[in-house]
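This is the structure I want to talk about, given as structure tokens.
Position 1 is the first residue of the sequence; numbering continues from there.
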Amino acid sequence: HVQLVESGGGSVQAGGSLTLSCAASGYTYRSYCMAWFRQAPGKEREGVAAIESNGGANYADSVKGRFTISKDNAKNVLYLQMNSLTPEDTAMYYCAGGQGHCMTAIQAPGAPDEYQYWGQGTQVTVS
């Protein structure tokens, strides 16, 4: 049974930073594409960043240069370091796990369909 559990969300002032974490059980980060998505009230779920099994990453244009996705294979934890936060970053953030390589650009409309496993989300509020 695969379980992904996010943590690290909270409230922060504009310009601040947060680091999200996603711990997995029953799943091995080392082997698969992992990603962070977010969903604001009334909006579609959008891709934020993805990381390949070899560590290669891609980002949505809206977060490039501000967010960094990384993972610790030994601990089976996925991270999202978020800097220079703006109110537009306010959303529920979800980690997601695939079952193969990253095939779809993270900001493509169909990106969520590539991921089979999802966490419950952690709220980020920027004011």
Under a 4.5 Å cut-off applied to non-hydrogen side-chain atoms, are Val77 and Lys71 in contact?
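Of all side-chain heavy-atom pairs linking Lys71 with Val77, none is under 4.5 Å.
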Sequence neighbours excluded, which residues qualify as side chain to side chain donor-acceptor pair (under 3.5 Å) partners of Tyr94?
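None.
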Student check: side-chain heavy atoms of Leu20 and Val124 closer than 4.5 Å
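With C-beta onward as the side chain, the pair touches.
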Scan for disulfide (SG to SG under 2.5 Å) pairs involving residues 54-100, sequence neighbours excluded, and state none if there are none.
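Qualifying pairs, neighbours excluded: Cys22-Cys95.
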Does the Asn76 side chain pair with the main chain of Ala23, one donor and one acceptor, at a distance under 3.5 Å?
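No; judged by distance alone, with no hydrogens or angles, the pair does not exist.
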Return the set of residues passing side chain to side chain contact (heavy atoms under 4.5 Å, CB included) with Pro87 (not counting sequence neighbours), or none when no residue passes.
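Pro87 satisfies side chain to side chain contact (heavy atoms under 4.5 Å, CB included) with Ala14, Val126 once adjacent residues are dropped.
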Residues forming a side chain to side chain contact (heavy atoms under 4.5 Å, CB included) with Gln107, sequence neighbours excluded
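Counting only residues at least two positions away or on another chain, Gln107 forms a side chain to side chain contact (heavy atoms under 4.5 Å, CB included) with Ala60, Asp61.
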Using the test side chain to side chain contact (heavy atoms under 4.5 Å, CB included), find all partners of Gln81 that sit at least two apart in sequence or belong to another chain.
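Only Ser17, Thr19, Thr68, Asn83 meet the side chain to side chain contact (heavy atoms under 4.5 Å, CB included) criterion with Gln81.
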Sequence neighbours excluded, which residues qualify as salt bridge (Lys or Arg N to Asp or Glu O under 4.0 Å) partners of Arg45?
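Not a single residue meets the salt bridge (Lys or Arg N to Asp or Glu O under 4.0 Å) criterion with Arg45.
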Do Tyr79 and Leu4 sit in the same hydrophobic cluster, where Ile, Leu, Val, Met, Phe, Trp and Tyr count as joined when their side-chain heavy atoms come under 4.5 Å apart?
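Each belongs to a different hydrophobic cluster.
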Side-chain touch Ser21/Ser7, heavy atoms, less than 4.5 angstrom
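Touching, per the 4.5 Å side-chain cut-off.
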Non-neighbouring partners of Thr125 that pass side chain to side chain contact (heavy atoms under 4.5 Å, CB included), sequence neighbours left out:
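Residues passing side chain to side chain contact (heavy atoms under 4.5 Å, CB included) with Thr125: Ser11, Thr90, Gln123.
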Under the ring-ring contact (aromatic ring centres under 6.0 Å, His included) definition, can you give me all pairs with a residue in residues 34-62, not counting sequence neighbours?
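Matches after skipping sequence neighbours: Phe37-Tyr115, Phe37-Trp118.
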Counting only N and O atoms by type, is there a donor-acceptor contact under 3.5 Å from the side chain of Lys64 to the main-chain atoms of Asn58?
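No.
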Suppose the criterion is salt bridge (charged side-chain N to carboxylate O under 4.0 Å, His left out): which pairs have a residue in residues 93-111, not counting sequence neighbours?
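The answer is none; no pair qualifies.
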Write out all pairs satisfying salt bridge (charged side-chain N to carboxylate O under 4.0 Å, His left out) with one or both partners inside residues 80-104, taking only residues at least two apart or from two chains.
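Pairs touching residues 80-104 that pass the test: Arg38-Asp89, Arg66-Asp89.
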How long is the gap from CG on Leu18 to OH on Tyr93, to the nearest 0.5 Å?
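It comes to 9.0 Å.
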Check for me, please, whether Leu80 and Val12 land in the same ILVMFWY cluster - side-chain distances under 4.5 Å, paths through other members count.
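Yes, it is one cluster - the side chains of Leu80 and Val12 are joined through contacts under 4.5 Å.
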List the residues meeting salt bridge (Lys or Arg N to Asp or Glu O under 4.0 Å) with Glu6, not counting sequence neighbours, and say none if there are none.
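Applying salt bridge (Lys or Arg N to Asp or Glu O under 4.0 Å) to Glu6 gives none.
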Walk me through it: do Met34 and Tyr27 pass the test side-chain contact (heavy atoms from CB on, under 4.5 Å)?
CA-CA 11 Å; Met34 298 292 300; Tyr27 185 81; 3.2 Å; yes
Which pairs would a plain distance check flag for residues 97-106, meaning a side-chain donor or acceptor within less than 3.5 Å of a matching protein atom at least two apart in sequence or in another chain?
residue: Gln99; atom: NE2; partner: Tyr117; partner atom: OH; Å: 2.9
residue: His101; atom: ND1; partner: Glu52; partner atom: OE1; Å: 3.3
residue: Thr104; atom: OG1; partner: Glu114; partner atom: OE1; Å: 2.9

